[in-house]
Amino acid sequence: MKLTALFKSFLVGIPIGITFLDTVGYVARVEGISMQPALNPEAPVTDYVLLNRWSVRSSEISRGEVVSLVSPKDPGQKIIKRVVGIEGDLISTIGYKQSFIRVPEGHCWVEGDHTGHSMDSNSFGPVSLGLVTAKATFIVWPPHRWQTLKPEIPRGRKPVNMS
Amino acid sequence: MNYIPNISNCATKVAGVLAYMVQYGCITHCALEYIGDFVICTGPSMEPTIYTDDILLTEHITPRFQRIKKGDIIIAKSPSNPRIHICKRVAGMPGDKVLVGFSSQVVPRGHVWLEGDNRNNSADSRIYGPVPQGLIRGRALCRVWPPKEIKMLTHKETQVLTR
């Protein structure tokens, strides 16, 4: 009798948990150096960030925000980058095949803060907004790094049409 | 006359109903997100395989494990608008050579080449290029509506693919 009750609560609890993680948000570990200095500044100590799913449910993102997205090169991998340009922006690229590019409709331009050590739009081009899975809003671990991630564009990386 | 127990009774009932709604809502969310769902198709791009207002049963397991094959009919988020879904056939996997007009192109890593079966009236990869696999949501299994035309859609329709 006890076992059935336990089983039943599992059967109900797991979907509730998954739904919560899917719609509200979850915590993920950041790997790599591509977002230094905003994330992982003291590598190899890794940061844990809160990924907010709720705020991207309508796929609205703005410049400067840190987002996680499915890598366009490998659908099994998630990457975390900063949105530098949104649709319609004119971007001056670093090492992309065109030196200036207009971000197409429904796409965004993402870059790692650590220019030159990041696999980002400068190598794979603008990414579709459908690949964006969540917005990173808060560093939750380690404790001395507790802070919100403010939207900001690295110096000199503003879209041409903004500066 | 004792009203207080009645009110609390009523509140317990409401809470119970709400709890049930949350439970079943979460179970439904998980089923639709991880197992499969039904989609209504609109538009002429997949004729003569699928017509407007056909209802398809799709599964979400194959795309999650990246087991999509050439010839599968898939539902994906539109690359240019994440709120719209498209239904196309996979016409090329990474590394395949595809023809665009008179030139040929190789499908890049992590992408697929999508084409509608109605080649003359379809906005597909020939217009917006290869589509990242991360945008694929589901694979069409069978048509369930209209009832006269229930049909599996999983087998390869070679006469459509070879031209």
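Every value quoted in this text rests on a predicted model; they were computed, and no experiment measured them. A, B, ... follow the sequence lines: proteins, then strands. Residue 1 opens every chain.
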Give a yes or no on whether [X] atom [atom1] has more than 12 heavy-atom contacts from other residues, nucleotides or ligands under 6.0 Å away.
{"X": "A:L3", "atom1": "CG", "result": "no"}
{"X": "B:I40", "atom1": "CD1", "result": "no"}
{"X": "B:R67", "atom1": "CZ", "result": "no"}

key: Structural part of A:S71 lying under 4.5 Å from a heavy atom of chain B   = neither
To the nearest 0.5 Å, how far apart are [atom1] in [X] and [atom2] in [Y]?
{"X": "B:R109", "Y": "A:F124", "atom1": "CZ", "atom2": "CZ", "answer": "11.0 Å"}
{"X": "A:H107", "Y": "B:N81", "atom1": "NE2", "atom2": "CG", "answer": "11.0 Å"}
{"X": "B:Q23", "Y": "A:T19", "atom1": "CD", "atom2": "OG1", "answer": "11.5 Å"}
{"X": "A:E105", "Y": "B:Y128", "atom1": "CD", "atom2": "OH", "answer": "12.5 Å"}

Is it the side chain or the backbone of [X] that comes within 4.5 Å of chain A heavy atoms, both, or neither?
{"X": "B:Y34", "answer": "side chain"}
{"X": "B:R83", "answer": "side chain"}
{"X": "B:Q133", "answer": "both"}
{"X": "B:S78", "answer": "backbone"}

request  = Please examine the side chains of B:H111 and A:P72, heavy atoms only from C-beta on, and report whether any two atoms are closer than 4.5 Å.
outcome  = yes
message = Do A:L131 and B:P132 make a side-chain contact, defined as non-hydrogen atoms from C-beta onward lying under 4.5 Å apart?
response = yes
Is there a continuous path of hydrophobic side-chain contacts, each under 4.5 Å between heavy atoms, that joins [X] to [Y]?
{"X": "B:I74", "Y": "B:M93", "answer": "yes"}
{"X": "B:I55", "Y": "B:V39", "answer": "no"}
{"X": "A:V66", "Y": "A:Y26", "answer": "yes"}
{"X": "A:L51", "Y": "A:V67", "answer": "no"}
{"X": "A:I86", "Y": "A:I153", "answer": "no"}

query = Is a side-chain N or O of A:K73 found less than 3.5 angstrom from the main chain of B:G110, in a donor-acceptor match?
reply = no
inquiry  = For a quick test of reading the model, state the closest non-hydrogen atom pair linking B:P82 to A:L129 and the distance between them.
reply    = CG-CB, 3.7 Å
key: Option in A:L69, A:I14, A:V12 with maximal non-hydrogen atom pairs under 4.5 Å from chain B   = A:V12
inquiry  = Quick check for you: among A:G17, A:G106, A:P75, which has the greatest number of heavy-atom pairs under 4.5 Å with chain B?
reply    = A:P75
task = Heavy-atom pairs under 4.5 Å with chain A are the metric here; pick the option from B:R64, B:E33, B:K77, B:H29 that has the most.
result = B:H29
query = Which of these, A:I18, A:I16, A:D22, sits in a side chain to side chain contact (heavy atoms under 4.5 Å, CB included) with B:C30?
reply = A:I18
